Each structure stands twice: as structure tokens, then as C-alpha cells.
Amino acid sequence: MSIARQYNRLKRIDYLIQKKATGTPHELALKLNISERTVRLIISEMKSYGAEIYYSKIHRSYIYKYDGEFILKFNIF
């Protein structure tokens, strides 16, 4: 899979989390045309980079503990 495609997938997940609109892990997997296992791996990876994400049964969505966005960037030293 290309880096651009992975990046676009990550940005879509980030957007859906911000909007509290991911749905269940199964629904998110269907939206992204990936497996639930892949959804869980991506969420776990995002958490490893410091994103405080949890699944809210009330919202039926993954949500961020604090308002924010997931950003990948290149820094020039």
C-alpha cells in the first residue's frame, strides 16, 4: 500500500474521530473497506504516538479524550 493511501486513511480516521462519527469498530471497518483487526491495529498505532483515544458506547464512536487532531509531519533541523 502506498504511503499516500495510508496517510489518507489515517486522516479519514482522524476526521471521523474528531466528529465522533466512526461508528462501531465493525462499522468503521466497513467505511474504510478494511478488517476490524486492521481498525484496531491502526487505533493502537495512533495511541502509541500519544493520541488518547477510547471507544465511547454513548457516542458509538472512537473519540479523543481531549480536543485535537492527529498530525504527521516532517521537521527540518
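Keep in mind the model is a prediction, meaning the values are calculated, not measured.
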Roughly how far, to the nearest 0.5 Å, is CD of E27 from CD of E36? 10.0 Å
Considering non-hydrogen atoms only, spot the tightest contact between G23 and Y55 and give its length. O-CE1, 3.6 Å
What one should report as the nearest heavy-atom pair of S61 and L16 is OG-O, 4.3 Å
Do the non-hydrogen side-chain atoms of S56 and Y62 ever get within less than 4.5 Å of each other? no
Nearest-0.5 Å distance that lies between atom CG in N33 and atom CZ in R9: 8.5 Å
Can T22 and V39 be said to form a side chain to side chain contact (heavy atoms under 4.5 Å, CB included), step by step? CA-CA 11 Å; T22 65; V39 165; over 6 Å; no
Take K11 and E69 through the side chain to side chain contact (heavy atoms under 4.5 Å, CB included) test and state the conclusion after the steps. CA-CA 9 Å; K11 290 308 296 177; E69 66 181 323; 4.1 Å; yes
Report the distance from atom CZ of R12 to atom CD1 of I17, rounding to the nearest 0.5 Å. 12.5 Å
Would you indicate whether the side-chain heavy atoms of T38 and L32 approach each other to under 4.5 Å? no
To check you understand the geometry: which heavy-atom pair defines the closest contact between F70 and D14, and what is its length? N-OD1, 2.9 Å
Do I13 and M46 have side chains that approach each other closer than 4.5 Å (heavy atoms only, starting at C-beta)? yes
To the nearest 0.5 Å, atom CG of L10 lies from atom OH of Y49 at 9.5 Å
Going by heavy atoms in the side chains, are I53 and K65 under 4.5 Å from each other? no
Taking every heavy atom of K20 against every heavy atom of I63, the minimum-distance pair comes out as CG-CG2, 3.3 Å
Hydrophobic cluster membership, L30 vs Y15, 4.5 Å side-chain cutoff: no
How far apart are the C-alpha atoms of E52 and K47, what are their side-chain angles, what is the distance that settles it, and do they pass the side chain to side chain contact (heavy atoms under 4.5 Å, CB included) test? CA-CA 6 Å; E52 294 191 44; K47 287 179 179 181; over 6 Å; no
